[in-house]
Every structure is written in structure tokens, then in C-alpha cells.
Amino acid sequence: MEIKYINNSGNSVDLNKYPYKMLLSDLIDGEWSYESSNNKIDSFYKKIQSRSLKIDSHRNSGQSARSVQANLVDLFEADVVQNKRGRIYVDDYYMPCNIIKDKKTLWETNVVVSSEFSLVTDYPYWIREKKITYERKQASDTGYLDYPYDYPYDYSPNDMAVYIENTEVMPADFKLVIQGPCENPQVTIGQNKCQIMTTLSSYEYIVLNSMDRTVYKVSSTGTVTNVFESLNRNYENFDRIPQGKHIISINGTFRMEIAMYMKRSEPRWT
């Protein structure tokens, strides 16, 4: 099992690889909270949760165990100081979080320092990402060209179905990137539709994020413009992707990418 932490600056540390050793903790435990009335459960929800991380820091390559442990604290505190979330990974799943407490249980020697860290998260889900990148061909084109190694997407004829599958029980958030040129681009995922009533020139693109309910345009010069008011109000636009396999369709020949964020209460065992 690979366990690592990546802070918001992209700095990463493997917590289960020398000079660090992850010990038994409640990291992968799951919990739901609930509301009730008249001695009956009305609803379930997730609230801010904490976990413990027991980590031994060992002396390594001329560095004392105290120095090795201090490097770990610096990595964690960079996120706390900026009030930004890092990510803790268990294999392919990650949880946004911060490490806010360090209680040392062994620190007298420079050989090993034992610490119990406290993790806190306001989004207590384990997330696995899946990406689909797709571009339709012109109607006059024929054949099918697949470049699985040289290019991150396939050129597909208009009558070829493209699917995305949410294999988890919970509906999945997503980030949609639409690249110009196109006009009033619309993307349909199963029964969910989203459309932005605007024009994109070449080298412009739009990003729609269901998790924070934002949509913005990025120009060829990098200028970012909020285009929330350009959403087609006849559609929900930010509806999450339910469990199951869903066909994707678009109303043009533009290129688009969907990053789907499938989530679980606990990381799946492999």
C-alpha cells in the first residue's frame, strides 16, 4: 500500500517508505453523521472529520532523525499557513486535508523520532479521478484514427459513441474543459446537460467545475473571465454524474476533456 502526502505546492513525501514508516492508524476508517427527529433518522451527511497518523522518522544519509522529522513538519505546515488543502493518497485515492498537530512520543535520540500527527478534512471523501478527452471529426471525414500513445485523445466520427462510467455508489463531481473554436458549446453526459452561451476562438477555452459551481473562460493571453451568467438556464449544468455508464455527446466538433471525481467513504482495497 502506497501512502503519500502532496502539499498545495506539489511537494510530495512517501509516508510509508524509508526514512519514514507509517504505523497503525485510523486513516482509512469511514464515518457518516446523521440528523434525527422523533427517534427516527431523517438524513445522513458528512461533517469535518479528523484522523491520526503515526509516523516514525529515521536517521538517513547523515541527517538526524530530528531533522528528517522536521522536514515532514515543514511540508505539512506550508498548507496550514496558507490555509490551502494538501492531499493524502492511499494508492490511487486521495483525500483533501491538512495536518494540524504533531505529538511526539519518542524524540530523545537522533536515531528515530515517533510522532502522532492529527489530520483534519472538511471533505471526508476518498477521490479517484478518471479523465476522458474527446474530439469529434467533421461530418465529411471518414474512418477512425486512434493515437493511444502519441496523443491524449482520439479523433472519432460523428456516429461513434463515447462513454464515461462512474463505478462508485456516490454521484461524482466533474471538471469540464472545452477548447475553441466553437459557439455555444453544449456537452451532454447521460441525462445531464450543460451549455455555455458564448463564442470561443482558437486557443481559448472554458472550465466548468461542478464541485465549486464555477465556470470561467480563459483567453489566448491567459485572461480569466467569469462566464457564470452565460450558462443556459434551461439546464442544471452542475449536476453530478450518477453511478453507471453514460454516453457523452457534444453539439459541435470542438475538443473537450472531462475529469470525473469518483468518491468513497473509504479507499477501495486492492
Are more than 12 heavy atoms, taken from residues, nucleotides or ligands other than [X], located less than 6.0 Å from that residue's [atom1] atom?
| X | atom1 | value |
| --- | --- | --- |
| Tyr18 | OH | yes |
| Tyr205 | OH | no |
| Tyr203 | OH | no |

State, with a plain yes or no, whether a side-chain heavy atom of [X] is found less than 4.5 Å away from one of [Y].
| X | Y | result |
| --- | --- | --- |
| Val90 | Met1 | yes |
| Tyr123 | Arg85 | no |
| Ile28 | Glu266 | no |
| Met256 | Ile248 | yes |
| Gln191 | Asp239 | no |
| Leu176 | Ile189 | no |
| Phe254 | Val187 | yes |
| Asn209 | Tyr216 | no |

Ignoring hydrogens and geometry, is there a side-chain-to-backbone donor-acceptor pair from [X] to [Y] under 3.5 Å?
| X | Y | result |
| --- | --- | --- |
| Lys217 | Thr199 | yes |
| Tyr20 | Val68 | yes |
| Asp91 | Glu2 | yes |
| Asn38 | Lys40 | no |
| Thr121 | Pro96 | yes |
| Asn237 | Tyr235 | yes |
| Asn98 | Ile100 | no |
| Asp173 | Tyr261 | no |
| Asn232 | Asn184 | no |
| Ser115 | Phe117 | no |

Any side-chain donor paired with an acceptor under 3.5 Å for [X] and [Y]?
| X | Y | value |
| --- | --- | --- |
| Asp26 | Ser52 | yes |
| Tyr5 | Asp79 | yes |
| Lys54 | Thr105 | no |

For the student: nearest non-hydrogen atoms of [X] and [Y], plus distance:
| X | Y | value |
| --- | --- | --- |
| Gly180 | Leu200 | CA-CB, 3.8 Å |
| Met22 | Leu27 | CE-CD2, 3.9 Å |
| Arg240 | Pro171 | CB-CB, 3.7 Å |
| Phe228 | Val215 | CA-CG1, 3.4 Å |
| Asp42 | Ser36 | OD2-C, 3.3 Å |
| Asp14 | Asn16 | OD1-N, 3.0 Å |

Atom [atom1] in [X], atom [atom2] in [Y]: separation rounded to 0.5 Å?
| X | Y | atom1 | atom2 | result |
| --- | --- | --- | --- | --- |
| Leu15 | Ile99 | CG | CD1 | 8.0 Å |
| Lys245 | Ile164 | NZ | CD1 | 11.5 Å |
| Lys263 | Glu129 | NZ | CD | 13.5 Å |
| Ile127 | Met95 | CD1 | CE | 8.5 Å |
| Phe76 | Asn11 | CZ | CG | 12.0 Å |
| Ser25 | Leu23 | OG | CG | 8.5 Å |

Exercise for review: Applying side-chain hydrogen bond (donor to acceptor under 3.5 Å, both in side chains), name anything that partners Tyr89, two or more places apart in sequence or on another chain.
Suggested key: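 Counting only residues at least two positions away or on another chain, Tyr89 forms a side-chain hydrogen bond (donor to acceptor under 3.5 Å, both in side chains) with Arg87.
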
Review point. Does Leu106 sit in a hydrophobic cluster with other residues, and if so which ones, taking ILVMFWY side chains as linked at heavy-atom separations under 4.5 Å, directly or through other members?
Key: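 Noted: Leu106 shares its cluster with Val112.
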
Review point. So does Lys130 pair up with Glu165, basic N to acidic O under 4.0 Å?
Key: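 No, Lys130 and Glu165 are not salt-bridged.
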
Review point. Going by an N to O cut-off under 4.0 Å, is there a salt bridge joining Asp102 and Lys104?
Key: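 Looking at Asp102 and Lys104, the cut-off is met.
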
Check your understanding: Checking side-chain hydrogen bond (donor to acceptor under 3.5 Å, both in side chains) for the pair Ser265/Lys46: CA distance, chi angles, key distance, verdict?
Key -> CA-CA 9 Å; Ser265 290; Lys46 291 278 191 178; 3.1 Å; yes

